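Keep in mind that this is a model prediction, so the values were computed, not measured. Naming convention: chains lettered A, B, ... in sequence-line order (proteins, then strands); numbering from 1 in each chain.
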Protein chains: 2
Amino acid sequence: MAEEPSERATLWAVARRAGVHAATASRALNEATRPLVAPDTIARVLRAARDLNYHPNHAARSLRTQRSMTIGVVIPDITNSLFPPIVRGIEDFLAPAGYVALVANTGRDVDRERVVMREMLARSVEGIVLATARRDYPLLEEPPLRGLPVVLVNRVTDDALFSSVSTDDRLGARLAVAHLLDLGHRRIAHIAGPDSLSTGFGRKSGYLEGMRSAGVSAPASLLVAADSYAEEEGYRCASELLGRRSPFTAILAANDMLALGALRALDEHGFRCPEDYSLVGFNDMPLVDRITPPLTTIRLPQYEAGSEAARLLLDRIRQRDGPVSAVLLAPKLVVRRSTCPPTPV
Amino acid sequence: MAEEPSERATLWAVARRAGVHAATASRALNEATRPLVAPDTIARVLRAARDLNYHPNHAARSLRTQRSMTIGVVIPDITNSLFPPIVRGIEDFLAPAGYVALVANTGRDVDRERVVMREMLARSVEGIVLATARRDYPLLEEPPLRGLPVVLVNRVTDDALFSSVSTDDRLGARLAVAHLLDLGHRRIAHIAGPDSLSTGFGRKSGYLEGMRSAGVSAPASLLVAADSYAEEEGYRCASELLGRRSPFTAILAANDMLALGALRALDEHGFRCPEDYSLVGFNDMPLVDRITPPLTTIRLPQYEAGSEAARLLLDRIRQRDGPVSAVLLAPKLVVRRSTCPPTPV
DNA sequence: GTCCAGATTGCAAACGTTTGTTGCTACGAG
DNA sequence: CTCGTAGCAACAAACGTTTGCAATCTGGAC
């Protein structure tokens, strides 16, 4: 009775116990090849495998089949609350398919991205989900990535060389602008995100479109560009807007962190939100509904973006020459209390 | 000139180009065995490897060396802001050592944990960092994990069978209690976390110790237990406290989410924080400094906990029979505006 | 009775490394 | 001049799978 399965059971062990050749055991164990083997042999093999608590050696299988059942996920920073839901979406979709994700944080460092992708290639990932794209992103065309399935998420490149899943940033910004216009605002400022990112650029475009199509002017004096999505930048940009001579009654920030910075600036200048200035953010980060005032913002379907990206990637892995598709998800305006009609002068 | 490195270069290709045997190339490429080969041979091999853009096949190496250079990380939910810093701490420590982390979310489902660990074992992880431990956690003693290096992080088990890294929860709670006592509070209520988790239990113990050692009574009427760390539970527990006939002037919640729920309860009952009730949380989640009122809380060194856990795990992987150590990190009281002296009646 | 098709299974070669062992060369000591 | 030895490189055998091909067997049609 001395069970001693301390060493991991090998396929040969299973085969021997079932009284067959390893090749037969292999065929019996794999769904796809199972029809090739006789029913009672299948039963014997399965039983032996269970008895020995057999689990196939992943490395050996990878080596033989050239498939790692692993995909890479490259994000700027998991600590940024935008990304955890995306990562979960990816993993939850991947898991049932037997895939597993290698997640790497690269900050905003392109060199680091290069290193990380090499490392992933060394581990033979079958594809990569990339959340670090810039609008112009030559990295993707460098040789090491040649032919590797890639799906962009959240941020996209200008040229649609790769499949992507993103939120309709222009639409989101237009929704926000429309909301402010509805409330009666006309002088609406915009703290734009980096032009190099599709999110920054798209939201700015949406803002401009929204204003223009309503026949409201959006002069340069109402526009200020943030260098990054950091709270500090929001503070700086809002302060700059307030310092300009151009009056406004509302601010649309390109994301919630910028909005939080702007809120702090308003506060320190002795202004109240929303009474003096309405404020709209972007992303609907956790807890922005609990700050003062609860932030009106644009909600992005992040989890769906993640799982959709994973779906696209698996499609592409299974069918290398499939179509390149750019999925646009719809954002949603969430009205809270950081916006109200402008106070009449 | 027709460079055609489309197929991944193999070690043999490198060897051939350098005019040596694959074995020699292997030795030249690996730090540890490099001294065995002649200097100019090393140079030739290195050069050939660079020319061909050679990257060793991970699966083949794993198969041969029986080492996957991969560790598993099991957490309840990456979407919970407590965990991203921990995961980063782990990954940042692992990366320089050439290791990579497989991260899995299991929710609060023990069966899922089992499945996930099996999957990890199938991929031959060399160790596991576990953030899902309960105080009584038989799963760890089941055969599949036999002998696999495991390090617990954040939550620990009662019996110190495995190395662990956690914050000193008792100390944290005592700091919070001391702070409230300093302010003059005497009737301090506690919304405790689940007793099944070391965090819930430890913080409750710390609360009781803190009260007792100051000679202040902590009757059962001031204690209420949450079933989970959900905001909703905080709301329920605070409402229950308010409904009881036992007066109090401050609440120590076992974490920030519970505190947020409590805050909502106070609000809905028409009480103000901190004027009517002081409130202390635990964790210092992002943005709790921006809510109203900014939350006084206990900050945990999460990133350090992660990297420390990774360090312990690597130690153990390299030296299987090393000592079992339980690292306790020091929490820190962060005073904000949700606490103030009790208002005299 | 012969032959063929179909159903099962076994055989053996790969996949790309690492590493124990052996073989070669040259050099210094005796 | 011989021998031992050090330094270096090659050989070959693994690691645990999968899979094309060949081999065996069965039963049925002619």
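For the pair A:Leu36 CG and D:dC25 P, the interatomic distance rounds to 20 Å; values are reported in whole Å. Summarising the geometry, the separation between CZ on A:Arg64 and P on C:dT17 is reported as 16 Å, rounded to the nearest angstrom. Rounded to an integer number of Å, the gap from A:Trp12 CH2 to C:dA12 P is 10 Å. Taking atom NE2 of B:His21 as the reference point, atom P of C:dT21 lies 17 Å away to the nearest angstrom. Spacing between atom CE of A:Met69 and atom P of D:dT18 amounts to 12 Å, rounded to whole angstrom units. Between the CZ atom of B:Arg67 and the C1' atom of C:dT17 there is a distance of 15 Å, given to the nearest Å. With rounding to whole Å, A:Arg34 atom CZ is found 16 Å from C:dT8 atom C1'. Between the CD atom of A:Gln66 and the C1' atom of C:dA13 there is a distance of 14 Å, given to the nearest Å.
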Where do B:His55 and B:Asn53 land on the side chain to side chain contact (heavy atoms under 4.5 Å, CB included) test, with the steps shown first? CA-CA 7 Å; B:His55 289 280; B:Asn53 188 26; 3.4 Å; yes
Give the intermediate values and the outcome of side chain to side chain contact (heavy atoms under 4.5 Å, CB included) for residues A:Val73 and A:Leu102. CA-CA 6 Å; A:Val73 176; A:Leu102 242 41; over 6 Å; no
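B:Arg27 contributes a side-chain N or O that forms a donor-acceptor pair with the base of C:dG20 under 3.5 Å. Put simply, the side chain of B:Arg8 and the base of C:dG16 share no donor and acceptor less than 3.5 Å apart.
Between D:dT17 and A:Ser26, no contact under 4.0 Å exists linking OP1 or OP2 to a side-chain N or O.
Of the candidate nucleotides C:dT8, D:dT17, D:dA10, D:dT17 has the atom lying nearest to any side-chain atom of A:Asn57. Here the nucleotide nearest the side chain of A:Arg61, chosen from C:dG10, C:dT17, D:dT17, is D:dT17.
If you check every strand for non-hydrogen atoms under 4.0 Å, B:Thr10 touches sugar and phosphate atoms only. Within the nucleic acid shown, A:Thr41 comes within 4.0 Å of sugar-phosphate atoms alone, with no base atom in reach, counting heavy atoms only.
Comparing B:Ala23 and B:Leu63 along DNA chain D, the residue whose closest nucleotide (by nearest heavy atom) sits nearer the 5' end is B:Ala23. Each of B:Thr65 and B:Pro35 lies near DNA chain D, and the nucleotide nearest B:Pro35 is the one positioned closer to the 5' end.
For the side-chain contact (heavy atoms from CB on, under 4.5 Å) with B:Phe162, the qualifying choice from B:Leu140, B:Ile128, B:Leu130 is B:Leu140, the only one to do so.
Taking the charged nitrogens against the carboxylate oxygens, B:Arg311 and B:Glu308 do have a contact shorter than 4.0 Å, which makes a salt bridge.
Annotation for B:Gln302 and B:Pro85: closest pair OE1-CG, 3.1 Å, computed over non-hydrogen atoms.
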